[in-house]
Structures are given as C-alpha cells and as structure tokens.
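A short write-up of the structure that comes next.
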Amino acid sequence: MKLNADPKSRLVVALDVPEAASALRMAERLSGEVGMLKVGLELFCAEGPAFVRELQAFAPVFMDLKFHDIPTTVRRALEAVLTLDPRLINVHAQGGPQMMEAAAQAVRAHRAAGGRTQLLAVTVLTSLGREEWARLGHAEEPGAAALQLARLASDSGCDGVVCSAHEASAVRDACGADFMRLCPGIRPKGSATHDQARVVDPASALQMGANWLVVGRPITHAEDPRAAARAIVEEMKSGA
Ligand code: C5P
C-alpha cells in the first residue's frame, strides 16, 4: 500500500479532547485540510465505536489504542475494532512477536476482505526515561531497545512504527523504506513546544524519514485551526 505523496495526506491531527462534541466540531473545521484524525484512549473510552463512525465522515481515523495483552485477546480486540475500518491502529511492540503476529494476522485478513487498515507498533514509550527503563530490568539503552523492537515489529508483520523523527532514518535503514514511520513531537517553526522535549519542524521531519506527522496542540489550540493546518502543510511542502 503506497502512501499518497500529497503532504496533506501525511498530516495526522491528534484530537486530544475529552468528548465527542468538541472532537466533531474540530473535525468539521479541519475537514479537507488534513490526512487523518487521531483518536486516543481518553476519547475512545468516553465515546466508543459509534463516535468513531461519525468522525470518519470528516477524515480517515487513526485509532491510537496501543493494545498490549496475550495474543488471542489482542487479535480479538483488533477484530472488533477492524469492523470500523480505521486507516491505522497500533499495538505495543513490547507485547512480543507472537502478539504482534496475531495482530498482523487480523489486519491482513481484514485487508484481504477489502479493508484499508495498517498496523503500527509502539516501541518504547517516550515517557519512560533512562532511569525508569533500567528499573524495569532492561540493561540496554531505550534507543537501542526501540530499534530492536522496530525490527521485531517488522519481522512480525506490522506495517510500521510510531517513533520520533530523530529515529526515523535508523528505523528505515533497519527495516526498509516500506516500513512506515509515524512521528509525533512535531512543531511548526516558531511555535510553542508545550511539554514536548525534542521537537522537529514539519519539513525537517519529512527529510529525516517520517511518513506521517502527528500534530496536536499547534492545530487544535490555534485560534484558526484550519489556517494552522494549512500553514503546516505549506511547511511540509518544502521538505517533501
Ligand atoms: O499536542 P501535541 O502535538 O504534542 O500532540 C502529540 C500527540 O502525539 C499526542 O496525542 C501525544 O499523546 C502523542 N504522542 C507524543 N509523543 C510520543 C507519542 C505520542 O506526543 N512519543
């Protein structure tokens, strides 16, 4: 499945809001200007599948639910979510190769039946610092572990990973150009970083090997979200 070269299709907006009404209002404002809308655990737990169906009237949806359980449970949960035919879903790579293989099997069956969903893996949560990672019993650095988990995700049949733009080219080199890199932590030039530590601007992120850029607050907190999304797409064009 090739990614549309149009920069707009590579822009994923994080709808980090607590309820459907504000998410749908934002989706309507952004309709036609962005490639995908990201629904996280907070919104999905509050509003459920019917809300996702409503949202899909405005743009394809990335269901950022980060499944992590025994293989059968993850496969069955994915089969339930796949009835919505989201554009992207994800699992934790730390669930292991068998869990990722079970997830990939469900996604492949869905695509064979005409679905469009692709499966991403989350490697190491960026909220886990070095110290906490070591306390979990890991000897290697989080960065090295993330790359190893990306390789495992690729070998297990996932379509890509969620990673920092700083890691995107290493992931591409390790797993191949067709293995997708979806990157959060993106900030337009000259905008507030909020709580993101190592931000990358849109054009640089594409040049560094990102396929999809996740942007939240610079768009959703803007006075004019539609104009903010357009401006980011313009920035992306200089890096595409
Ligand atoms: O508002 P902002 O652009 O920082 O939002 C980024 C989105 O990407 C949020 O939904 C956040 O949870 C998610 N994310 C992130 N950093 C990661 C992984 C996910 O910011 N390493």
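All ligand and atom numbering here is 1-based and tracks the order in the structure. Note that the structure is predicted; figures quoted are calculated from it, not measured.
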Exercise. Do Gln196 and ligand 1 have an N or O pair less than 3.5 Å apart?
Worked result: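 Between Gln196 and ligand 1 (N or O atoms, distance only) the closest approach is under 3.5 Å.
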Exercise. Does any N/O atom on Gly216 come nearer than 3.5 Å to any N/O atom on ligand 1?
Worked result: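 The answer is yes, given that Gly216 and ligand 1 share an N or O pair closer than 3.5 Å.
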For this session: Could you walk me through whether Leu11 and Val233 pass the side chain to side chain contact (heavy atoms under 4.5 Å, CB included) test, one step at a time?
Result: CA-CA 7 Å; Leu11 177 59; Val233 171; 3.9 Å; yes
Exercise. Which bit of His194 gets closer than 4.0 Å to ligand 1, counting heavy atoms only: side chain, backbone, both or neither?
Worked result: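 Near ligand 1, His194 shows nothing, with every heavy atom at 4.0 Å or more.
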Which residue supplies the protein heavy atom nearest to [atom], what is that atom called, and how far is it?
atom: atom 12 (O) of ligand 1; answer: Lys38 NZ, 4.3 Å
atom: atom 19 (C) of ligand 1; answer: Pro184 CG, 3.7 Å
atom: atom 2 (P) of ligand 1; answer: Arg187 NH2, 3.4 Å
atom: atom 21 (N) of ligand 1; answer: Thr126 OG1, 2.6 Å

Problem set entry | Intermediate values then yes/no, side-chain hydrogen bond (donor to acceptor under 3.5 Å, both in side chains), Arg75 and Gln105 | CA-CA 8 Å; Arg75 180 174 51 74; Gln105 204 181 0; 4.8 Å; no
For this session: Verify the neighbour count for atom CD of Gln98: are there more than 12 heavy atoms of other residues, nucleotides or ligands below 6.0 Å?
Result: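 Not buried by this count: 12 neighbours or fewer within 6.0 Å.
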For this session: In sequence, state the C-alpha distance, the side-chain angles, and the governing distance for Leu120 and Ile89, and then conclude on side chain to side chain contact (heavy atoms under 4.5 Å, CB included).
Result: CA-CA 6 Å; Leu120 303 181; Ile89 51 173; over 6 Å; no
Exercise. Between His68 and His92, how do the two ring planes meet: parallel, tilted or perpendicular, split at 30° and 60°?
Worked result: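 Tilted: the ring planes of His68 and His92 meet at 30° to 60°.
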Exercise. With the threshold set at 4.0 Å, does a side-chain nitrogen-carboxylate oxygen contact exist between Arg108 and Asp159?
Worked result: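 Looking at Arg108 and Asp159, the cut-off is not met.
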Exercise. Going by an N to O cut-off under 4.0 Å, is there a salt bridge joining Lys237 and Asp6?
Worked result: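 Asp6 and Lys237: not salt-bridged.
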Enumerate the atoms of ligand 1 whose separation from the nearest heavy atom of [X] is less than 4.0 angstrom.
X: Val215; result: 3 (O)
X: Val214; result: 7 (C), 8 (O)
X: Ala14; result: 7 (C), 10 (O)
X: Arg217; result: 1 (O), 2 (P), 3 (O), 4 (O)

For this session: List the steps, then state whether side chain to side chain contact (heavy atoms under 4.5 Å, CB included) holds for Lys66 with Leu41.
Result: CA-CA 8 Å; Lys66 301 188 181 73; Leu41 274 175; 5.7 Å; no
For this session: Look at atom 11 (C) of ligand 1 and find which of Asp16, Thr220, Leu43 reaches it with the closest heavy atom.
Result: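 When every heavy atom of Asp16, Thr220, Leu43 is considered, Asp16 comes closest to atom 11 (C) of ligand 1.
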